[in-house]
Amino acid sequence: GDTRIRLHQEVLLGHGGKQLLDALAIYPDVFHMNEGHSAFLALERVRRLIHKYDISFDEARHFSAAGNIFTTHTPVPAGIDRFPPEMVQRYFRHYHPLLKLDLEGLLALGREDVFNKNELFSMAVLAVRTSDWANAVSKLHGNVSRSMWQNIWPRVPQDEVPIQHITNGVHARSWLSTDLIYLLDRYLGPRWQANLVDHQVWQAVNEVPDEELWRVHVRRRQRLIVWARHRLCQQLEARGTSAKQAREIADAMDPEALTIGFARRFATYKRGNLMLRDPQRLLKMLTDTQRPIQFLIAGKAHPADSGGKDFIRQLVHFARESDAAHKLVFIENYDIDVARNLVQGCDVWMNTPRRGMEASGTSGMKAALNGVLNCSILDGWWDEAYESDLGWAIGRGENYANLDLADDIESHSLHDLLEKQIVPLFYDRDDHGIPRGWIRKMKASITRLAPVFNTNRMVQEYLEKLYLPALRRARILGKNNLHRSIERAHFVDRLRAAWDHLSIDDVQADTGTEQGVQDDLDVVVTVTLGDLNPDDIRVQIYVGLVDNDGRIAQGRSFDLAHKAVLGDGRHRFIGHIRPQTSGHHGFAVRIVPGGQMVDSTQ
Ligand SMILES: *Cc1c(COP(=O)(O)O)cnc(C)c1O
């Protein structure tokens, strides 16, 4: 739909969702907003609090935000819903007074720069500004998100932007092939599914005889090819190919060939056409009769994404025009059923996103769990999962400014991997036809990746890092009719009013001489706090190695101690810096909000 319908949907989801829960008499303490689509929920929560307690927006928001969690999923700006201010005005003109906000106040909640009146109203920004808790979905995506949303926290160092990460996982039982489940039942013991995160339990996969694991895997591939032939016939016949001809093409698929799966949304950043960048080289591999390979490709493009649709066209065209029609098969209507067949029956799972654009990439986890080996750009989950003995990395985690150059280098690297490592390892068989090296990698992939990239680990992490801390904070701020939430709003007002009058007047430290690692460097700082008390704020040192641009990269911070009241609102703070490593260090002094009001609910 268009933006207007999108807004309708999100009102229905956010406002309607909250009303539905209330109608069902379900009153959660913690709300988890998965992506920005549901962010109107946060407004609706505040509206109800204002109505119930007769308080201001800010007085209600601290409590509400304490129990809101926002998970960001997309590093692609086009994937984030944004609405023109006029549209928000039109739909919310009767609503913002209920929030005790003027229109400007409402619009500012959806802007990265609150003062920029031309900015579109972003649902993700709204979610960030109304949630105390935010997370990305892989370690690398955490870095990407902190950089992407840094504008919301101006002047805060990037690694302190309060977005943590919890890497996605997949539901093992739903994605493991039945054949493999039977095998695991036998070797891991009947209770393995109750101990999914236990590395020790998964170690037993190493005791499965190679022959047995291979037999199971080959059977899965054969079943996949039978299924793919059937789908392909249907597709071809639907396009007017005769039944006989369709059968011939489909039958040419090889149940014994090295089978590479590639299934994902055809967003341009996923570069579904990367392998076509050197068509001759690809064709040579596809037409090799000694060591045959074949690709099974699936995926849909967003209707509005002409680039993504074009990738699909290129692939289909390439397959049709070359001698490789049956070697590069496009399965239509990618859905969970298609995904399940592919991630259980392929030999290799390929992923070629532009680095930094794949937030997580869960299909690779589904494959890994099944002993299907990943070959991917070091992006999303693979950046933290990859080790050389359990799969392949395309490139070494480089980021390129020149995208065309990146495509060249990475397609070259992909072809190299296929020709020099993947194909040879797959066809390196012993006297019994068993690829020992390949199976070693399969076992490494299952034993080391399955216990980590599953939903049991993921949900446990959400519980420990987000749900329980959010619950604790919401309970504290919610007690006695939101007493602490209201207090906190007033405290923030007081800080805000005083902030422009703060100054760091003097910093004394003997930086002229060389400093030994683990030696203390004394620092004495004089600040003017005006009307604020020393325990309303913290005076901090931010220290770390200085990079080539003269910036402190990945610094750490610590508080200085209040030493003396100097009069006229001036105070002395002291502390010492103790470098942990050698090298050129720098430090900065800063003042941040502090005090009991902040600390007690951290
Ligand atoms: C797992 C899955 C996805 C997500 O996979 P990515 O690796 O993130 O692209 C998308 N669609 C379907 C049908 C899936 O099963």
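Not measured: the values here are computed from a predicted model. Every number for a ligand or one of its atoms is a count from 1 in the order of the listing.
Listed by first and then second residue, the salt bridge (Lys or Arg N to Asp or Glu O under 4.0 Å) pairs involving residues 457-466 are Arg457-Glu461, Glu461-Lys465 (not counting sequence neighbours).
Ion pairing between a basic and an acidic side chain is recognised when a charged N comes within 4.0 Å of a carboxylate O; Asp81 and Arg6 show such pairing.
In this structure the side chain of Arg291 never reaches within 4.5 angstrom of the side chain of Leu258, judged on heavy atoms.
Aromatic ring centres of Trp227 and His230 lie farther apart than the 6.0 Å criterion allows.
Taking the six-membered ring where the residue is Trp, Phe426 and Trp438 present perpendicular rings, their angle passing 60° and hence far from 30°. Relative ring orientation between Trp214 and His217 is described as tilted, the plane-to-plane angle lying within the 30° to 60° band.
Contact residues for ligand 1 (protein heavy atom closer than 4.0 angstrom to any ligand atom): Trp175, Arg264, Lys270, Tyr334, Asp335, Ile336, Ala339, Gly361, Thr362, Ser363, Lys366.
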